[in-house]
Amino acid sequence: LKAIQKLAIANRGEVAVRIIHACEELGIATVLLHSEADVGTRAWRMADEKICIGPAETAQSYLQIERNIQGALSSGAQAVHPGFGFLSENADFAQACVDAGLIFVGPRPETIRALGDKISAKKLIEKAKVATVPGYMGDDQKLETLIQQAEAIGFPVIVKAAAGGGGRGMKVIRSRAEASELIASAKREALSAFGSEVVFLEKYLDRAKHIEFQVFGDFTGRCVHLFERECSIQRRHQKIIEESLSPSLTPVLRADMAKAAVSLAQAANYNGAGTVEFLVQDGAFYFLEMNTRLQVEHPVTELVLGVDLVKAQILTAAKEFVIWKQADLVPRGHAIECRVYAEDPYNRGLPSTGELLKLIWPEGPGRRYEVGFEEGDEVTAYYDPMIAKVIVWDEDRSRAIRKMLRVLDETVIFGVRTNLPYLKAILSHPEFVDGTMTTQFIQKNFPEGLVPRELTAAQKAFAEKTLASGEFQPGSSAVASGAPPVSPWNNPWRFV
Amino acid sequence: MKPVVAFANGTLWVHMDGETFTFESPKRQARGKAAAAANKGEITAPMPGKIIKIMVKKDETIAAQQVLIVMEAMKMEYTLKAQLAGRVAEILCEAGQQVTLGQRLARLEET
């Protein structure tokens, strides 16, 4: 590319890997701006150059605007891709890039400022006459004021970080009694994740679907939408399973929502990839927020539309991408993404850390894996516990679900506990299969995660045989000597 | 699909029929169980992370299931609750502190 020969990545993990793939295909050299803890990770091994910008703690590395700018400049990169999370929706960072003569891969700083801050975004969309959820977004952030406002809106009320996204700094308040503690907790999470403790309040819709529209603007100012994704399967406001298209939009509702999303993007003179999030309940849709960045779940859109959003982002930043024609964007088939987390589904989703002893991502048509780790890498407590995203495409939704179940059956991850069993339980649930799930799905159906059960007879027999073979020696002398293992079993086995 | 097995650090990992399970030697397991029973009053970090808030004071009387400590790991907040009713004998951490897996955070005494 004329404008970009070298691109700096201000991110880590699987999204850094995704950006490196796009750059390699475009013939752009990559520089990874990483923390000390990320030396030796997959993205670190793949990047052409790497510059350490600070210690493991995100506040001193990935969230440090100046260190990222200095790193990018010292490498001679012309552009910076922020990925998602970290500084991706930080207008000050985008502005700092521009001021330093770097191309920020994303919308203009003033656009991020207007839309990234959910309070001003809400005001913007109210002008565009799209309904929003009733709420409070005032400057008075005193605890007493917030509690009063929450009461005025009527419980349940959700408290959210004004500068945030991705579920951090969000809490549902069900009664006045827990308001004070939950608002304080949301403020702390907001401060630690986004550097600002400003929050707002909203009426909590209790049987809504989370449906978001992908939009894209090219450098000439033209905007299209790339249809929707449904992300109703969320735990503690963290998305777990996403799909495109949504199984529950009528053509009329879809057209109305797409129109609202595009008009918002146009009103903001949007360029690059963005996502307009809505809640849909009882046939009505309410604007939630606009994310001025790539989304974690962008692959499902890429698969149903046959596009590459990351390459389009980079080309747009280099002023080379002229937008897809809306009429050419025709969705085909169905795509589902599952986020595989290192956590214990049998113990309230407690994070699990450790070395990844074995990783097998089963091959086959219509399967895609976005992975930041390889065998021997370690899942640490410093960052997000997501190990990988597993994405499948098939001709229709029920086939896609069946394919995903098959793929997760054959996926092997040793070394940490994972949510694979949890994902499969969700995918098999009648409410998910018939597509009627709402954002309450997890709380309603899996409030405590999964209940451990016994190994099947075949599994037990195989395991006993393996132990008795003496090939593996789990530290017990009885086993090491080749004697029959333990009897009675006393249940030393457990699912992970 | 054929079963997949691996062994490391005293644990055998098996993937079979679409499920993954582990085996820990009975000796290792018994040690863990005994320790857990003996230490019901010991509040330890279930994961590495940061102490966000300590909700109780030394010598405070507490009920079972009362929230003692709020900690953050991997960007999420987790609450540590009392497994017994009694009093807070010791607090061994402070807000803002980074803690390691298994680190002792507080000690309770049953009443």
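Lettering follows sequence order; numbering is per chain, from 1.
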Residues A:Glu181 and B:Lys53 bridged, charged N to O under 4.0 Å: yes
Reported CG-to-OH distance for the pair A:Leu350 and B:Tyr78, which is rounded to 0.5 angstrom: 6.0 Å
Inter-residue atom distance A:Thr456.OG1 - B:Glu19.CD, 0.5 Å rounding: 7.0 Å
Check against side chain to side chain contact (heavy atoms under 4.5 Å, CB included), B:Trp13 and A:Leu357: CA-CA 9 Å; B:Trp13 295 76; A:Leu357 304 169; 3.6 Å; yes
Measuring only between side-chain heavy atoms, which start at C-beta, is [X] closer than 4.5 Å to [Y]?
X: A:Thr466; Y: B:Leu12; answer: yes
X: A:Lys358; Y: B:Val4; answer: yes
X: A:Ser192; Y: B:Glu72; answer: yes
X: B:Phe21; Y: A:Leu455; answer: yes
X: A:Arg417; Y: B:Thr22; answer: yes

Side-chain donor or acceptor of A:Gln459 paired with backbone N/O of B:Asp17 under 3.5 Å: no
Toward chain B, the part of A:Ser185 with a non-hydrogen atom under 4.5 Å: both
Segment of A:Leu405 engaging chain B (4.5 angstrom heavy-atom cut-off): neither
Around atom [atom1] of [X], are there more than 12 heavy atoms of other residues, nucleotides or ligands at under 6.0 Å?
X: B:Lys81; atom1: NZ; result: no
X: B:Gln65; atom1: CD; result: yes
X: A:Arg406; atom1: CZ; result: no

Leading residue by heavy atom contact count with chain B [cutoff under 4.5 Å; candidates A:Gly415, A:Pro362, A:Ala184]: A:Gly415
Full working for side chain to side chain contact (heavy atoms under 4.5 Å, CB included) between B:Val5 and A:Phe462: CA-CA 10 Å; B:Val5 291; A:Phe462 174 81; 3.7 Å; yes
B:His15 and A:Phe414 aromatic ring geometry - parallel, tilted or perpendicular at 30°/60° bounds: tilted
